[in-house]
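Counting starts at 1 for both ligands and their atoms, following the listed order. In what follows, residues are counted from 1 in the order of the sequence shown. Small disclaimer: the values here were computed from a predicted structure and weren't measured.
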Amino acid sequence: MMNEAALGNPIDRVEGRLKVTGKAKYSAEFPAENMCYALGVNSTIAKGRITAIDTTEAEQQEGVLKVITYKNVNRLQTLGNDRPPFTLTTVMPIFQDREIHYYGQYVACVVAETFEQAQYARRLVKVSYEKDTPDILWDAHREKAYKPDDNADFSRGDMEAGMQEADVTVEATYTTPIEVQQPMELHAALVSWEGDKVKMFASQQILDESCTAIADTFRIPKENVQIISSYVGGGFGSKLRIHEHVIMAAMAARMLERPVKIVLTRQQMFTNVGMRQFDEQKMRLGAKTNGELTALAHHTLSHCATQLQYYEACGNVSKMLYKTPNNAITHRLIPLNIQCPNSMRAPGEATGSFALESAMDELAWKLKMDPIDFRIKNDTQIDQGAGKPFSSRLLNESLRIGAEKFGWHQRKSQPRTNRQGNWLIGHGVSGASRRSPYRETSAKVIAELKNGNVWATVQMDGTDIGTGTYTILTQTASEYLNIPAENITVALGDTDYPVTPGSGGSWGAASYSNGVRVACQNLMKELQSKSGTSSSNGGLQALMSENGLSSYEAMGTAAPSEAFDKHSVFSFGANFAEVWVDKDTGMFRIKRMVNVGAAGKILNPKTAFGQIIGGLTMGAGMAIAEKADIEPTHGNFITRSLADYHVPVNLDLANIDVVFLPEEDKIANEMGVKGIGELGITSVAASIANAIFNATGQRFRDLPITPDKVLTTPLEPGVA
Ligand code: MOS
């Protein structure tokens, strides 16, 4: 039987029709009887304490049920004062004392019969503060930088000796701004309690750890928490963990003994659900004239909240991507009165690869070497940072095949020599790597015989955050049960289902698909042994009838193997960009992008393509548009809407070509799948910056690159 839904085929999204007809229900769309609405009130100072809160007027408004503040709230399990490292179960404290740590921190929660009533009354809560001078400008607080507890500095060989040995060196500092995730779907939750049990529809990426977070916070058993997140309209890291609004809604629902719905405003999406932190990355590289790297250092200085440690590990990419005998990596954090940063798509790699791949381009230019040849020269099949071989690594192939597809040979190596009228034309390249984690995952499969047909339902608490999870798991079940996709239902996003690691860190596809594979294989094996046959010739339907079963279910769990642990498992790729720069105005256009990805078995090229073009768009946004600005004396975000926080639109973007290299990495997992969601954004910004250098002869080490910077940045030495 030809299976059209077989793995590797580009079938349409199985939930596509539900989504375009509005039938796919997102968290905020669920109704509940006797429901009311909560909205947070945000602080208007960045540091200090509340001296008084007057809620009288707000409480007198029609429909207002309650105003929650530090004065009338239950004490919850909360962070201590020792600024612990961030985990996926961390919940920031809310209403537990009067202290203000950042601008926009929730100081009250208004609950009303309608959203509009809550919105109106929210403005009538009067908060008085004792105001301290906040620490906002990271540059003024460099001396406060500390080493995060969970990140030892890394070094190999002798960095200084390696620099001495080098014929050519590059020392440069790269900065990337605060960026915000801004998924289309606003953060939302609908919470109801029944005694000590809580149920919530909440837009979250990872449900099991979110349950732990809720259970810990309210000091209830984890089995008393149910989270449902059937559809998630994008997360990009902002929905990895439970944010304060979920706790706020749960508090309100418990106090009022009514279901409470909370939906953040778009402004609160800029101030209360995390962001990518500002990073200053200092790179030092040395190489011999033949192009061999002798030394590579990557030092990152960033900032974090005053109450918690979080950092994106920018330097990790410099531990593993290129071969070098001498290597030094550090990360330091400055505590500031700004909301706590969190993971944003490819945390560490997206920003770290901008610095590394820009610096590699700078060094290639100084060496007068082709930047592709330079990277290939320093290839390694061993992860020197971890001291393990890579499970598979097609970086050189990605660069070579991409070069062919892109027409790299037409590139002029000397900047400002490729011109058309007023346009300076440039071509840039960058290598990409992103860790491809794989975590223990369980699934249940239920087979049913109805009207002579066999149907199967797959259940797991994994989520589809827009990536195509429903579709690839339908394909997986179709393949391993050998029944048509039309007869399969995939049910996701409910903590009543078997536990998965959730969607994050690019581990979703590999983990989920292998979990479903094992459950399907177990189901087939169990039925075969019941039938006393080891062949599945008759197929699932025959096995069910032979055994007189109308329904049968099996569980399965997939977990990393010993071989996985003995290897470094990464996805690899390469990005190519052509950029045209107007020599008089500094205006520029990204004309073409080519992305090559070696990410193991591609389960569905259509959904995978969607992941990569989404990543390229976000990478282009990083290069040319995205930047959140903070007012330096008061500490509030200036960019608090999509009118002033810019993301690329269609006109900003290029013709995009995506190539997936055929690869099945059986060390990564039995199905040979690696991650793609975060690979797509990784090193895109560097390919664009390098293309602009090739066009103009100017280096842009501070993102985003805007026309005003093009007009004011000097030419590099050696460019005329
Ligand atoms: Mo990702 S930043 O782990 O959603």
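Protein residues with a heavy atom under 4.0 Å from ligand 1 are Q205, F236, G237, L240, S343, M344, R345, P347, G504, G505, E678.
For N272, the side-chain hydrogen bond (donor to acceptor under 3.5 Å, both in side chains) partners two or more places apart in sequence, or in a different chain, are N42.
A side-chain hydrogen bond (donor to acceptor under 3.5 Å, both in side chains) with S238 is found for exactly one of H243, H187, Q181, namely H187.
Atom CZ of R640 has 12 or fewer heavy atoms from other residues, nucleotides or ligands within 6.0 Å.
Aromatic pair F354/F700: centroids not less than 6.0 angstrom apart. Taking the six-membered ring for Trp, Y26 and F201 have ring centres at least 6.0 Å apart.
Judged purely by distance below 3.5 Å, without hydrogens or angles, the side chains of D279 and T300 never pair a donor atom with an acceptor atom.
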